[in-house]
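Labels below follow one simple rule: chain letters A, B, ... track the order of the sequence lines, proteins then strands, and each chain is numbered from 1. Since the structure is predicted, the reported quantities are computational estimates derived from the model, not experimental observations.
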There are 2 protein chains.
Amino acid sequence: MNLAPTIQAFVLHFGEMGSRWGINRTVGQIYALLYVSPKPLCADEIVDGLGISRSNVSMSLRELQAWNLVILKHLPNDRRDFFTAPEDVWQIFRTLAEERRKREIDPTLSVLRELLMTDPKTEEESFAHTRLSQMHGLIEQVTNWYDDVKRLDTERLATLLSLGSKVTKLLDAKDRIVSIGRRRSQTGKS
Amino acid sequence: MNLAPTIQAFVLHFGEMGSRWGINRTVGQIYALLYVSPKPLCADEIVDGLGISRSNVSMSLRELQAWNLVILKHLPNDRRDFFTAPEDVWQIFRTLAEERRKREIDPTLSVLRELLMTDPKTEEESFAHTRLSQMHGLIEQVTNWYDDVKRLDTERLATLLSLGSKVTKLLDAKDRIVSIGRRRSQTGKS
DNA sequence: CTGTAATTTCAGAAATTTCTGAAAGTTCAG
DNA sequence: CTGAACTTTCAGAAATTTCTGAAATTACAG
């Protein structure tokens, strides 16, 4: 490894965190390296940068492509594959959310749906049934929200985030304003 | 293992998913079992239910306690430790979000802050610096939103979720209504 | 105290995941 | 075609994580 100290520290940290995240160390490191590189890198540059085997790089890049976290590029007059991380951090964030949902949420949702189809026979199963149903309800509510919000463009998403919990105040405010409007004009319309 | 088929399926699925989540299979299974049990279970009941070693149960319960996902109870005239999962799924959701944040986000945030303190020396480092700064900005924005929202009670949180992206429409609506109010009364006030 | 019922610890066995080197596959210029 | 430049595959080595049984520890009733 022969990287600037800051870059090296970032890459190593991402490798460590990778494990806490369910992606492995190498995958995390490669992603981090691509993320901070001003230009696309080819596999051998990654091998040099991280000091790992060529085959490991190949497999890890494959995984990153499956996650849609990395873009394959070709330079003119060069047969090699080059890779970059997408520019827009918000886009990366969305992609990550999307992929994690596919892998971590959807399978559970479908198992829950399946299990909820069967009628509970015993007292015990009946209790379990209501618990599964609660969990299903929660996950569905959260993913519906997510489906709804993910369609927003970055600017609106940022507005929504910066608003935070104030939206509930806004709700109250809306009601107040609307009712004032009504009182004044007698033609109120929500 | 001698559980009702539905319960068994749920427990096994949760075990599998556990691995995709960074908690291990046993921990996932124990949590699932407690979640669907109408009454607190003691360690030996879990051993019977899941067919795993007593010591594994002990260690896994320890981990679940560290995650705040399990509650230790004592029954009168019984020296054994009994465990349940919290009732309220929303509370569980919050706990999970909180713990994942502590483990998966905060360390990265602090590393990023640290690295951003140093001045970039080369062109390369300078590029990396802006990328780190972008990532830092995004994470901070998202966690600030989260900090803000997590204080809401369950009801308000549910409202906010069911509203989804409509909040942005609401924002527009507010502006419109306020301006109508102004036009009508000449005393508009946001 | 003593003995019993419980929990915890921990060394190392078992299982799983990650990583490597060697071989095979692909692509393309000449 | 041929062979050079590159990428992928994959068996098994290495590393890591999980799990177990045995021993140690704790708690407490008698």
Nearest heavy-atom neighbours spanning B/G28 and B/I23: CA-CD1, 4.0 Å

OP1 or OP2 of D/dT9 under 4.0 Å from side-chain N/O of A/S58: no

Between A/E140 and A/R113, does a salt bridge (charged side-chain N to carboxylate O under 4.0 Å, His left out) hold up when you go through it step by step? CA-CA 10 Å; A/E140 199 153 65; A/R113 264 197 268 272; 2.9 Å; yes

Given DNA chain D, 5'-ward residue of the pair B/M59 and A/Q65, judged by closest heavy atom: A/Q65

Do the side-chain N or O atoms of B/R54 get closer than 4.0 angstrom to the phosphate oxygens (OP1, OP2) of C/dT7? yes

Take atom CD1 of A/I23 and atom C1' of C/dT18, then tell me their distance rounded to the nearest Å. 14 Å

Assign A/T26 to base, sugar-phosphate, or nothing according to its heavy-atom contacts below 4.0 angstrom with the strands shown. sugar-phosphate

Whichever of A/I52 and B/S19 has the more 5' nearest nucleotide on DNA chain C, that residue is B/S19

Nearest-angstrom distance from the residue atom CZ of A/F82 to C1' of D/dC6: 11 Å

If you find the nucleotide of DNA chain C closest to A/G22 and the one closest to B/F83, which residue's nucleotide is nearer the 5' end? B/F83

Which pair of heavy atoms, one from B/L69 and one from B/L96, lies closest together, and at what distance? CD1-CD1, 3.7 Å

A/R79 vs D/dT7: side-chain N/O to OP1/OP2 distance below 4.0 Å: no

Any Lys/Arg nitrogen of B/R103 or B/E99 sitting under 4.0 Å from an Asp/Glu carboxylate oxygen of the other? yes

Nearest whole angstrom, please: distance from the C1' of C/dT7 to the CZ of B/R80. 13 Å

Counting distance alone, no hydrogens or angles: does the base of C/dG21 have a donor or acceptor under 3.5 Å from a partner atom on the side chain of A/S55? yes

Taking any heavy-atom pair under 4.0 Å as a contact, classify B/N56: base, sugar-phosphate, or nothing. base

Could you tell me how the ring of A/F10 sits relative to the ring of A/F14: parallel (under 30°), tilted (30 to 60°) or perpendicular (over 60°)? tilted

Just N and O in the side chain of A/N24: are any of them under 4.0 Å from OP1 or OP2 of C/dT17? no

Would you kindly give the CG-to-P distance between A/N77 and D/dA4, to the nearest whole Å? 21 Å

Can you tell me how far P of D/dC6 sits from NZ of A/K73, to the nearest Å? 20 Å

Using atom CD of A/E63 as one end and atom P of D/dT8 as the other, report the distance to the nearest whole Å. 14 Å

May I ask you to verify if any side-chain N or O of A/R62 is less than 4.0 angstrom from the OP1 or OP2 atom of D/dT7? no

Within this structure, what is the CG-to-C1' distance between B/D81 and C/dA5, rounded to whole angstrom? 12 Å

Could you tell me the separation between the CD1 atom of A/I46 and the C1' atom of D/dT8, rounded to a whole number of Å? 15 Å

